Every structure is written in structure tokens, then in C-alpha cells.
Amino acid sequence: MSADSHCIFCRIVSGQIPAKKAHEDDELLVFHDIHPWAPVHVLIVPKQHITSLAEVGPEHAALLGRMLGLAPRLMQQLGVDNGFRVVVNTGADGGQEVHHLHMHVMGGPRPWLRG
Ligand code: 5GP
Ligand code: ZN
């Protein structure tokens with residue numbers, strides 16, 4: 001599986017940097033955002049290093065489906081029962097700060113810090 005040793009999310013996937021994990025399977029890791037914008041704020045991250053949503057192709061369709069499909073089950077497990085928001089910041093103008101594909105999933109009562 002491809003990894004970039006300088007990438008912070010690859011380092012979290014490999015266990016070199018600790019994170020508060022919410023889910024792990026063979027393809028995906030989910031952990032709580034270090035600077036949450038909402039009462040519940042997790043990042044769904046593929047273990048494979050993909051730079052951004054701009055880099056995905058048809059070969060990633062199943063992976064993307066798995067990421068999105070995990071969100072409702074995770075939110076339920078984390079006690080979010082009144083809706084949630086999914087955000088994928090992409091590229092410079094999209095406000096992406098970590099260049100490893102990730103899906104923000106945020107829930108809990110408003111007001112949120114961002115978005
Ligand atoms: P982006 O702006 O790239 O969509 O969001 C990156 C997110 O990753 C930010 O919300 C930021 O708080 C989070 N983040 C950055 N570094 C770390 C880290 O080392 N650990 C965790 N848990 N979250 C991080
Ligand atoms: Zn990476």
C-alpha cells in the first residue's frame with residue numbers, strides 16, 4: 001500500500017503519530033480531529049496515500065463509496081442522532097491543509113466553529 005513518510009496522515013496510519021481512533025479496517029482509518037469544529041468531528045482516511053479528491057479516478061469508486069457509507073454508522077456509534085455534515089476540502093482553493101485524502105464528518109449541536 002502506498003505511503004508517504006512525510007505525510008502526517010500516513011504517519012498516523014502507520015502508528016508513528018498517535019490519534020484517537022474511532023474505527024479501523026483494512027482500508028480505512030477514522031480518528032478524531034485534533035482541532036474539532038463541532039462537538040463530534042472525525043476524519044475518515046484511506047490507509048493508502050492519495051493526495052486529494054482531485055487525484056481519484058474510477059478505480060477509487062469503491063473506496064470512496066466505503067468512506068461515505070461508513071459515515072452514518074460512525075455517527076450513530078458516536079451518539080450523533082440529529083444529523084451531520086460531510087466535507088472534503090480539495091486543493092488550495094478548497095482549503096485543504098493536509099494533502100492526504102480525508103473526509104470530515106461533523107455532528108452535534110450547533111454553533112460549530114467553522115463551515
Ligand atoms: P483540511 O483542511 O486538510 O481539510 O483538514 C485537515 C484537518 O486535519 C484539520 O481539521 C486538522 O485539525 C486535522 N489535523 C491536522 N493534523 C492532525 C493531527 O496530527 N492529528 C489529528 N487528529 N488531526 C489533525
Ligand atoms: Zn499520506
Side-chain angles (χ1 to χ4, degrees):
M1 199 173 282
S2 61
D4 176 343
S5 59
H6 301 293
C7 167
I8 194 160
F9 286 177
C10 284
R11 290 165 67 91
I12 289 175
V13 166
S14 70
Q16 290 171 276
I17 295 176
K20 189 179 166 200
K21 293 180 187 176
H23 169 90
E24 183 165 14
D25 60 45
D26 51 349
E27 283 194 300
L28 303 177
L29 182 66
V30 184
F31 49 89
H32 292 265
D33 197 291
I34 205 164
H35 294 128
W37 314 343
V40 176
H41 182 171
V42 295
L43 302 172
I44 302 181
V45 175
K47 288 185 169 178
Q48 177 189 0
H49 182 85
I50 300 167
T51 305
S52 84
L53 191 62
E55 306 302 317
V56 308
E59 69 276 22
H60 298 113
L63 178 70
L64 291 171
R66 228 162 276 141
M67 290 170 71
L68 195 55
L70 186 56
R73 187 155 53 87
L74 267 173
M75 288 295 103
Q76 197 176 29
Q77 284 169 6
L78 294 169
V80 172
D81 58 7
N82 198 34
F84 54 87
R85 184 169 184 193
V86 174
V87 172
V88 185
N89 295 326
T90 305
D93 287 354
Q96 185 178 1
E97 289 172 3
V98 175
H99 298 282
H100 178 131
L101 176 63
H102 55 279
M103 189 177 276
H104 296 259
V105 188
M106 293 159 277
R110 292 242 177 197
W112 296 352
L113 295 180
R114 280 172 67 179

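Just follow the structure's listing: the first ligand is 1, and inside any ligand the first atom is 1. Just so you know, these numbers come straight off a predicted model, no measurement behind them.
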Contact flag Cys7/the Zn ion (ligand 2), N/O/S atoms, threshold under 2.8 Å: yes
Specify the protein heavy atom at minimum distance from atom 3 (O) of ligand 1: its residue, its atom name, and the distance to 0.1 Å. Glu97 N, 2.7 Å
Classify the ring geometry of Phe31 against Phe9: parallel below 30°, tilted from 30° to 60°, perpendicular beyond 60°. perpendicular
Give me the nearest non-hydrogen protein atom to atom 19 (O) of ligand 1 as residue plus atom name, then the distance to 0.1 Å. Ile8 CD1, 3.5 Å
Classify the contact between Val87 and ligand 1 as side chain, backbone, both or neither, using a heavy-atom distance cut-off of under 4.0 Å. neither
State plainly whether one hydrophobic cluster holds both Ile17 and Leu29, where clusters connect Ile, Leu, Val, Met, Phe, Trp and Tyr through side-chain heavy atoms under 4.5 angstrom apart. yes
If you measure every N or O of His41 against every N or O of ligand 1, does any of those distances drop under 3.5 Å? no
State, with a plain yes or no, whether a side-chain heavy atom of Val98 is found less than 4.5 Å away from one of Leu43. no
Does ligand 1 have an atom under 4.0 Å from some heavy atom of Ala19? no
Using distance alone, decide if ligand 1 has a nitrogen or oxygen within less than 3.5 Å of any nitrogen or oxygen in Phe31. no
If hydrophobic clusters are built by linking Ile, Leu, Val, Met, Phe, Trp and Tyr wherever their side-chain heavy atoms come under 4.5 Å apart, do Met67 and Val42 end up in the same one? yes
Any N or O of Val98 that comes nearer than 3.5 Å to an N or O of ligand 1? yes
Between Cys10 atom SG and His49 atom ND1, the angle centred on the Zn ion (ligand 2) rounds (to 10°) to 110°
Please write down residue, atom name and distance for the protein heavy atom closest to atom 22 (N) of ligand 1. His32 O, 2.9 Å
Residue His100 atom name (nearest to the Zn ion (ligand 2); N/O/S): ND1
Find all atoms of ligand 1 within a distance of less than 4.0 Å from any non-hydrogen atom belonging to His35, and give their numbers and elements. 12 (O)
Distance under 4.0 Å to a non-hydrogen atom of Gln96: what atoms of ligand 1 satisfy this? 3 (O)
Answer yes or no: is there a donor N or O on one side and an acceptor on the other, between the side chain of His102 and the main chain of His100, under 3.5 Å? yes
Should His102 be listed as contacting ligand 1, given a heavy-atom distance under 4.0 Å as the test? yes
Backbone of Glu24 reached by a side-chain donor or acceptor of Lys47 within 3.5 Å: no
Which of the atoms in ligand 1, numbered in the order shown and given with their element, are less than 4.0 Å from a heavy-atom of Asn89? 1 (P), 2 (O), 4 (O)
Heavy atom of His104, distance to ligand 1 below 4.0 Å: yes
Going by heavy-atom distance to atom 12 (O) of ligand 1, choose the closest among Leu101, Val45, Asp33. Asp33
Separation between CG of Leu64 and CD of Glu59, rounded to the nearest 0.5 Å: 9.5 Å
For Gly95, the ligand 1 atoms with a heavy-atom partner under 4.0 Å come out as 2 (O)
Heavy-atom check, side chain of Glu97 versus side chain of Asn89, under 4.5 Å: no
Looking at the rings of His104 and Trp37, which for Trp means the six-membered one, are their centres under 6.0 Å apart? yes
Among protein heavy atoms, which sits nearest to atom 18 (C) of ligand 1, and what does the distance come to when rounded to 0.1 Å? Ile12 CD1, 4.0 Å
Hydrophobic cluster identity match, Val87 and Val105, side-chain contacts under 4.5 Å: no
Before signing off on this row, confirm whether Ile34 and ligand 1 have an N or O atom pair separated by under 3.5 Å. yes
I'd like to check which ligand 1 atoms, numbered from 1 as shown, lie under 4.0 Å from a non-hydrogen atom of Phe9. 8 (O)
Near Asp25 CG, under 6.0 Å, is it more than 12 heavy atoms from other residues, nucleotides or ligands? yes
Is there a path of hydrophobic side-chain contacts, each under 4.5 Å between heavy atoms, that joins Val40 and Ile44? yes
Between Gln96 and Leu53, is there a donor-acceptor pair closer than 3.5 Å when you use the side chain of the first and the backbone of the second? no
